[in-house]
Amino acid sequence: ISLQNCCLGKQLEGIALSQNGLSGGHLFFSTASACSAFSLKSCEECLKNVSCLWCYTNSTCIDYPVRSIFPPSSLCSLSDARWGVCWINFEALLIAMAVVAGLILVSLSVCCCYCCYCRRRSRRRRLEEEEEQIARKREERRLESLQRKHERKMKHDEIRKKYGLLQDSDNPYSRFENE
């Protein structure tokens with residue numbers, strides 16, 4: 001039993017129903033007969049099936065050779081082969097896809113390099129700011145320490161003056177007298 005209309009009204013040829021006595025019928029696709037059935041018709045009709053390849057040299061619709069990435073030149077030359085759309089040949093499609101992939105890779109690498117550069121720059125700027133802040137705090141602590149040292153010296157001098165222990169600055173070495 002062959003099915004003529006299936007799957008949203010698209011006509012698929014080569015679908016057969018086999019009965020095997022167990023649990024009902026099984027559907028299987030025969031793509032060889034489906035693609036070759038579109039030979040000598042139009043490219044648009046052939047390429048409705050994504051597993052088909054249209055060759056302009058002899059206007060044939062053939063199975064796409066899935067074992068090899070590109071169709072061999074013995075099957076159809078790349079400039080005459082159409083797959084997916086009829087208005088662009090397979091050679092131009094490959095070149096366009098390679099250019100787009102290359103642009104994507106280049107843009108990704110540029111973005112990564114730019115982001116790494118910006119991160120380093122911001123990290124360097126942040127380290128410089130931290131170093132400046134640390135230097136400022138160190139200088140403030142040094143000045144506060146000198147101020148406290150000066151205040152202690154003044155207090156000690158006042159105490160020495162009060163108890164008469166302050167020596168003349170003119171003659172720091174004086175004779176100690178016992179009374």
> Can you name the residues that form a salt bridge (Lys or Arg N to Asp or Glu O under 4.0 Å) with R121, not counting sequence neighbours?
none
> I'd like to know if the two cysteines, C52 and C35, have SG atoms within less than 2.5 Å.
yes
> Indicate yes or no: at least one non-hydrogen side-chain atom of C61 is less than 4.5 angstrom from one of L53.
no
> Distance-only criterion, 3.5 Å: show the donor-acceptor pairs between side-chain atoms of residues 125-140 and protein atoms not counting sequence neighbours.
unit_1	atom_1	unit_2	atom_2	d
E139	OE1	R142	NE	3.4
E139	OE2	R142	NH2	2.7

> Could you note down all residue pairs passing side chain to side chain donor-acceptor pair (under 3.5 Å) where residues 80-90 supplies at least one of them, sequence neighbours left out?
S77-D80
> Which residues pass the side chain to side chain contact (heavy atoms under 4.5 Å, CB included) test with S68, not counting sequence neighbours?
P65, P72
> Which residues pass the side chain to side chain contact (heavy atoms under 4.5 Å, CB included) test with Y163, sequence neighbours left out?
I159, L165
> Do L75 and I62 have side chains that get closer than 4.5 Å, going by heavy atoms?
yes
> Can you list every disulfide (SG to SG under 2.5 Å) pair that touches residues 73-111, not counting sequence neighbours?
C43-C86, C55-C76
> Cut-off 3.5 Å, no hydrogens considered: what does the side-chain donor-acceptor table look like for residues 148-157, sequence neighbours left out?
unit_1	atom_1	unit_2	atom_2	d
H156	ND1	R152	O	3.3
D157	OD1	R160	NH1	3.4

> Residues sharing L47's hydrophobic cluster, by side-chain heavy-atom contacts under 4.5 Å among ILVMFWY, directly or via others?
W54, Y56
> Please set out all donor-acceptor pairs under 3.5 angstrom arising from side-chain atoms of residues 94-106, sequence neighbours excluded.
none

